[in-house]
Amino acid sequence: MAATALSKRKEAKSQKPPPRKKQRNEPPPRKKLRNELPPRKKLRNELPPRKKQKTVSFPAKNPIKDDLISDSDDIDEMVEEHGQLHEDQQHQGSDSGSEMSSDGDDPLADDFLLGSDDGGSVEKGSDLDSDSDESDIEVKARADEEEKVREEEDALEELKLNIKEEPDEFRLLTGEIGTSFRRFHMVMISSYITKELEEEANRPPDLQSLQRRIKEIVRVLSNFKSLRQEGATRKDYVEQLTMDLGSYYGYNEFLIGALVEVICIFNMFPVNELMELIEAFEKPRPICLRTNTLKARRRDLAGVLLNRGVNLDPLSKWSKVGLVVYDSQVPIGATPEYMAGYYMLQSASSFLPVMALAPQEKERIVDMAAAPGGKTTYISAIMKNSGIVYANEMKESRLKSLTANLQRMGVTNTIVCNYDGRELPKALGQNTVDRVLLDAPCSGTGVISKDESVKTSKTLEDIHKCAHLQKELLLAAIDMVDANSKSGGYIVYSTCSIMIPENEAVIDYALRKRDVKLVPCGLDFGRPGFVRFRENRFHPTLEKTRRFYPHVQNMDGFFVAKLKKMSNSKLTPTAPEPSATVEQGSEPIDSVDINSDEGEFQRRSSKESITAESTKITITVSKESYMKKSKESGKLQNGFPEKGKHVPKFTAKYWKERKQQRLSREEIAKAREEKRQTLREDKKKVEGKKRAAKESGGNVK
Ligand SMILES: C[S@@+](CC[C@H](N)C(=O)[O-])C[C@H]1O[C@@H](n2cnc3c(N)ncnc32)[C@H](O)[C@@H]1O
């Protein structure tokens, strides 16, 4: 039946019947909406995308193997290469065989990012196709003209009819017609949304409406000045977006508010990146493994695993020990090679802190929060089991997995400790070790794809608690390091959180409490850390820290900072420090006045930093002057306000301050106008003089 209908339709098309007369109230054919998101962009992955299962014979000419061979085959070389190891077992992909696609399979998610094709586009002029014998140009031209008139007549009707289905972007016509048209459209949209919101209050949210509204709001926020609804502020849009994203993706108000705030208000990313980030959290990251160079070479390991039906590739250019697993016919966490300790399952992001730490042979190194030992075993492998690694873990229950991994991986240079990290300097001594890794306990907001419960369980209180503990742990880490170490004197701090208060704010605190400075992490990818957030101005060298994101590098959200201890003094230096020279690339735009009717970004500048997108500038700030300013302003304590203190987000005070800023803009406009007026008067005077001179036949200069 359907087939007959289809063939009839085809037949009819080939005969090109005259266009069907449009009924007065018939909805027009659906055009591709201009507010539909463009086709989903490929993630800017640093990790390779998912591949189809290869035939798993072990070919003589195996491209993977060839590739591996072209890498260093030599264990020494691999070890010299700072690589690293893993992560928490709770974070390990284990043998779950999760999908490694950067595309993911979530139909809803894909829908969201892809432009909708339903209905297809109506080809211009298709209605005018005709099989009529009348072929002369005049008839066609007349038909054309008539169609145009019909289209114009139907335009408003079309808008009215489509609006329930899909609010379109504002159609910007010019002149009076444009203004009234826009007004009409906006009223329709706002009354539609209002009605939708009223209806939503009485029933569970409709995912399709939410999705459509999110798309529309993101589109407007991306080009607020021209697309905003008259009378609506950025705040209105941002608040609605926060609520809708929370409902659609299942986040609690705090966490989605924090993400939206950072991105839409403080403009740390372009708005559509917010969607990319949230979407990336919905998909699993690739399963990775790290070759244990104490026992195996990567190419040999890859060969054996390929033979077992594991479809894999080298992880990336930046690691000579990592492999990415696309899929596997065997449980990857239970192969004989795994049992024998030839590799560790660990996320790609977990390689980074150890690479930044760059352990040297024969050093004394502390891993302050070590269980289950992913990073400890990597450190030991790089040190070729020489020197001493103190692997500390506070939770007794986690010591078992730590010791098991050390044993399985053949690590022999490690002493396992069971202290609260804050007490470690007392146990191990102050200024006694060469390097410390603090892979800090954190909120886990960078690993939402591994642990969905983070979406609903984390609160502002949790972030405060984490940040507080992290600061104390970091000071203890610094205190253990000997600034006079011949080979070291370094501290690496990392978290799997994307929250500024757990990252930049913690480092900024340490910079003010101890004689340390930030040095490059030695990772030539990742985004620079933020140098400002809300009213906070962090030390400009925070730009040397590195941030990693699922939607950018296809890794877990991660933060890495490397500090160099300058002296063993605990006091903050009183003598002027050597200037900290920072090369700044594009700095994030400061803050956005989300209450502005103009939708213009309000940029503030500080003495320490200058906003200059895509311009390389060098800024020299003495640490002393920075610290003095910090003390004076008293605003540099944290990314989030201290417990019990005012939270600026969407509060009356916050908006009042914003308004005050707007007032000062008005003052600037007034001053400009006065200047223009003076110039106009001057010009008039000159012209008057010229005229007078002309009349009198003289010349005026
Ligand atoms: C992010 S995990 C560490 C993962 C580990 N570095 C790895 O790569 O396998 C943080 C660890 O810190 C431990 N921890 C929490 N509070 C601590 C404290 N006060 N002192 C030391 N360790 C602590 C947690 O039990 C947890 O095992």
Side-chain angles (χ1 to χ4, degrees), residues 83-94 288-290 292 322 333 343-357 359 365-382 389-409 411 414-428 435-447 450-451 454 462 465-477 479-480 491-499 502-503 506 548 555-560:
Q84 122 108 76
L85 164 42
H86 145 212
E87 149 135 345
D88 242 333
Q89 257 173 2
Q90 70 194 1
H91 293 161
Q92 285 183 9
S94 74
C288 300
L289 55 89
R290 178 185 58 81
N292 179 12
Y343 62 91
M344 183 75 157
L345 278 170
Q346 65 187 138
S347 60
S349 56
S350 289
F351 287 54
L352 308 173
V354 181
M355 290 170 71
L357 188 70
I365 295 183
V366 180
D367 185 353
M368 270 183 103
K375 297 178 186 76
T376 318
T377 51
Y378 194 8
I379 293 170
S380 294
I382 293 172
V389 178
Y390 297 96
N392 180 65
E393 169 58 44
M394 185 185 79
K395 289 185 189 151
E396 219 178 312
S397 58
R398 291 170 67 82
L399 289 175
K400 215 170 157 186
S401 61
L402 173 61
T403 48
N405 274 324
L406 292 173
Q407 205 163 16
R408 184 176 64 83
M409 304 286 278
V411 170
T414 302
I415 296 172
V416 175
C417 319
N418 178 210
Y419 288 95
D420 180 326
R422 292 169 286 192
E423 302 299 320
L424 264 187
K426 283 186 207 150
L428 300 180
R435 290 167 207 255
V436 174
L437 172 65
L438 173 55
D439 184 34
C442 69
S443 64
T445 47
V447 286
K450 276 182 190 151
D451 180 7
V454 171
D462 293 328
K465 276 187 190 156
C466 282
H468 186 77
L469 173 62
Q470 287 155 350
K471 285 173 184 170
E472 291 185 333
L473 287 169
L474 184 53
L475 292 192
D479 291 345
M480 281 186 282
I491 303 99
V492 166
Y493 174 84
S494 61
T495 70
C496 56
S497 163
I498 56 168
M499 294 286 164
E502 295 181 75
N503 296 322
V506 173
F548 303 87
M555 287 181 184
D556 294 328
F558 218 80
F559 175 83
V560 182

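In listed order, ligands and their atoms are each counted from 1.
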Q: Answer yes when Lys375 and Asp367 have at least one side-chain N-carboxylate O distance shorter than 4.0 Å, and no when they do not.
A: no
Q: Using a strict 4.0 Å cut-off to heavy atoms of Asp420, name the atoms of ligand 1 that fall inside it.
A: 18 (C), 19 (N), 20 (N)
Q. When you measure from the side chain of Asp420 to the backbone N and O of Arg422, does any donor-acceptor pair fall under 3.5 Å?
A. yes
(Q) Which of the numbered atoms in ligand 1 are under 4.0 angstrom from any heavy atom belonging to Asn392? (A) 21 (C)
Q: Could you tell me whether the side chain of Glu423 reaches within less than 4.5 Å of the side chain of Met394, counting heavy atoms only?
A: no
Q) With a 4.5 Å heavy-atom cut-off, do Met499 and Cys466 have their side chains touching? A) no
Q: Look at atom 20 (N) of ligand 1 and find which of Gly421, Ala371, Ala440 reaches it with the closest heavy atom.
A: Gly421
Q: First locate atom SG of Cys496, then atom CD of Glu502, and finally report the distance between them rounded to the nearest 0.5 Å.
A: 8.5 Å
Q) What are the atoms of ligand 1, with element, lying closer than 4.0 Å to any heavy atom of Met394? A) 16 (N), 17 (C), 18 (C), 19 (N), 20 (N), 21 (C), 22 (N), 23 (C)
Q: May I ask which of Arg398, Glu393, Gln470 has a heavy atom nearer to atom 13 (C) of ligand 1 than the others do?
A: Glu393
**Q.** Heavy-atom nearest option to atom 15 (C) of ligand 1, drawn from Ala369, Pro441, Cys496, Gly373
**A.** Pro441
**Q.** Atoms of ligand 1 close to Met368 [distance to a heavy atom under 4.0 angstrom, numbered from 1]
**A.** 21 (C), 22 (N)
Q) Side chains of Leu352 and Ser494: closer than 4.5 Å at any heavy-atom pair? A) no
Q: Say whether Lys375, considering both its backbone and side-chain N or O atoms, lies within less than 3.5 Å of an N or O atom on ligand 1.
A: yes
**Q.** Side-chain donor-acceptor contact under 3.5 Å, Gln470 with Thr495
**A.** no
Q. Can you list the atoms of ligand 1 that are under 4.0 Å from a heavy atom of Ala370?
A. 5 (C), 6 (N), 7 (C), 9 (O)
Q | Those atoms of ligand 1 less than 4.0 Å from some heavy atom in Lys395 | A | 25 (O)
